[in-house]
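See structure below.
Whatever order the structure lists ligands and atoms in, that order sets their numbers, starting from 1.
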Amino acid sequence: MALLEVRDLTTHFSTDDGVVRAVDGVSFEVEKGKTLAIVGESGSGKSVTCLTIMGLNTGKVQTSGEALFDGTDLILLPKRELREYRGKRISMIFQDPMTSLNPVHSIGRQLREAVTLHEGATKAQANSRALEMLRAVRIPRAETRLDDYPHQFSGGMRQRVMIAMALINNPDLLIADEPTTALDVTTQAQILRLMNELQRDFGSAIILITHDLGVVAETADDVLVMYAAKPAEQGACDDVFYRPHHPYTWGLMRSLPHLTAVGAELNPIPGTPPSLLNPPSGCRFHVRCPYAMEICRTVEPPLEPAPGDSHHLAACHLEEAVKQREAEQIVSEMMADTA
Ligand code: SF4
């Protein structure tokens with residue numbers, strides 16, 4: 001059984017302007033010790049999906065569907081019980097550590113509090129665990145840094161501290177929301193490598209939220225590509241990378257910097273994601289899709305398995321032969337570029 005099974009999740013917010021359908025029918029599973037990447041542009045619903053699972057949405061929100069964590073539906077759980085899960089069995093890391101770290105308390109105090117809060121440890125035990133975690137995330141001279149404050153660490157080091165805090169209670173599931181976006185490329189690679197290593201050591205499952213398909217390739221076992229609150233494509237990472245079946249995924253792949261010659265302009269997907277107050281009819285991507293047909297404007301494409309692979313799903317009306325031809329073209333462009 002998967003550690004987390006999300007079934008037909010929807011999250012709608014009532015606003016003065018109308019109902020925002022932020023998540024509209026998303027299903028996925030996360031296995032123990034594996035990484036699922038949720039990919040998409042801003043406003044695609046990837047962060048709201050995870051905030052819904054964690055019970056952290058604010059405002060007038062309506063949720064339906066299931067999020068079975070070890071068999072317990074988190075959506076139905078009373079807030080008090082859900083708080084027990086957060087921090088102990090499920091942790092989150094955000095893009096900007098300063099939103100989670102308290103600037104007026106030392107790192108050591110914040111780490112110790114995280115342990116004491118959830119495990120009832122003594123101060124000495126909490127201190128030793130805090131130090132152990134700072135070492136695990138490779139903070140140099142960790143024993144001398146416990147009394148330092150967040151502003152005394154660089155951006156990359158602060159993100160390491162956040163990872164230490166998130167893993168300090170050995171959570172079963174770590175949700176990382178754009179954990180490396182604010183970092184330079186070198187630090188980003190170090191943090192991703194560190195997360196992979198810690199996942200091996202701690203055995204946590206990870207949901208990685210990102211807009212960067214390059215990050216997915218480095219880290220994920222499975223991938224869910226979201227567009228305008230809905231799944232566009234999902235499956236094992238290798239399948240989605242080597243047999244991409246959706247024009248939106250093709251667009252994301254073509255916009256990867258390494259597919260573009262040095263000095264040339266990037267190849268972003270033209271246009272912007274639609275408003276979720278009043279999303280387009282039919283396929284939500286049709287306004288930006290270079291392959292759009294008449295049917296795409298009126299009929300929503302179902303999420304269907306690729307031939308011969310029941311775990312690789314895509315929502316697109318294109319004929320299979322066209323999908324295969326385009327997938328081969330994109331993969332050969334990638335291969336040529338990395339050769
Ligand atoms: Fe493009 Fe139509 Fe496929 Fe949507 S259904 S991605 S508009 S071809």
Side-chain angles (χ1 to χ4, degrees), residues 8-10 12 20-28 36-46 48-49 209-214 216-217 220 222-256 259 266-334:
D8 205 17
L9 192 72
T10 66
H12 294 176
V20 176
R21 295 170 173 80
V23 180
D24 223 352
V26 170
S27 301
F28 60 83
L36 166 78
I38 307 183
V39 194
E41 293 161 291
S42 293
S44 60
K46 52 196 195 306
V48 178
T49 297
I209 301 169
T210 179
H211 65 277
D212 183 347
L213 217 49
V216 178
D222 297 295
V223 55
L224 162 63
V225 181
M226 286 185 73
Y227 185 76
K230 286 182 170 290
E233 178 163 8
Q234 63 192 100
C237 198
D238 281 355
D239 289 336
V240 173
F241 267 88
Y242 290 106
R243 291 196 304 140
H245 258 55
H246 196 284
Y248 182 57
T249 315
W250 302 340
L252 291 176
M253 291 175 89
R254 286 206 157 105
S255 63
L256 282 172
L259 276 184
L266 294 179
N267 223 345
I269 301 170
T272 52
S275 158
L276 298 177
L277 266 172
N278 190 13
S281 58
C283 172
R284 291 185 178 181
F285 189 52
H286 82 251
V287 184
R288 303 171 73 190
C289 180
Y291 305 84
M293 305 166 285
E294 198 47 45
I295 187 177
C296 305
R297 294 176 225 290
T298 50
V299 180
E300 187 178 333
L303 194 63
E304 289 180 328
D309 185 353
S310 60
H311 295 296
H312 182 188
L313 309 171
C316 177
H317 290 304
L318 283 176
E319 284 176 20
E320 185 55 33
V322 179
K323 292 177 185 170
Q324 284 189 10
R325 190 188 65 219
E326 289 300 311
E328 279 167 21
Q329 173 66 29
I330 287 168
V331 171
S332 71
E333 284 171 26
M334 286 183 76

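- At a cut-off of 2.8 Å, measuring from atom 1 (Fe) of ligand 1, the protein N, O or S atoms that fall short of it are C289 SG, waters left aside.
- Side-chain contact between F241 and V216: present, with at least one pair of heavy atoms (C-beta onward) separated by less than 4.5 Å.
- A salt bridge links D309 with R243: at least one charged nitrogen is closer than 4.0 Å to a carboxylate oxygen.
- For the atom pair NE2 of H211 and OG of S44, the computed distance is 11.0 Å after rounding to the nearest 0.5 Å.
- One finds no salt bridge joining E328 and R325 here, because no Lys/Arg side-chain nitrogen approaches an Asp/Glu carboxylate oxygen to under 4.0 Å.
- Between F285 and Y248, the two ring planes are perpendicular [angle over 60°; tilted spans 30° to 60°].
- In this structure, K230 pairs ionically with E300, as a charged nitrogen and a carboxylate oxygen lie closer than 4.0 Å.
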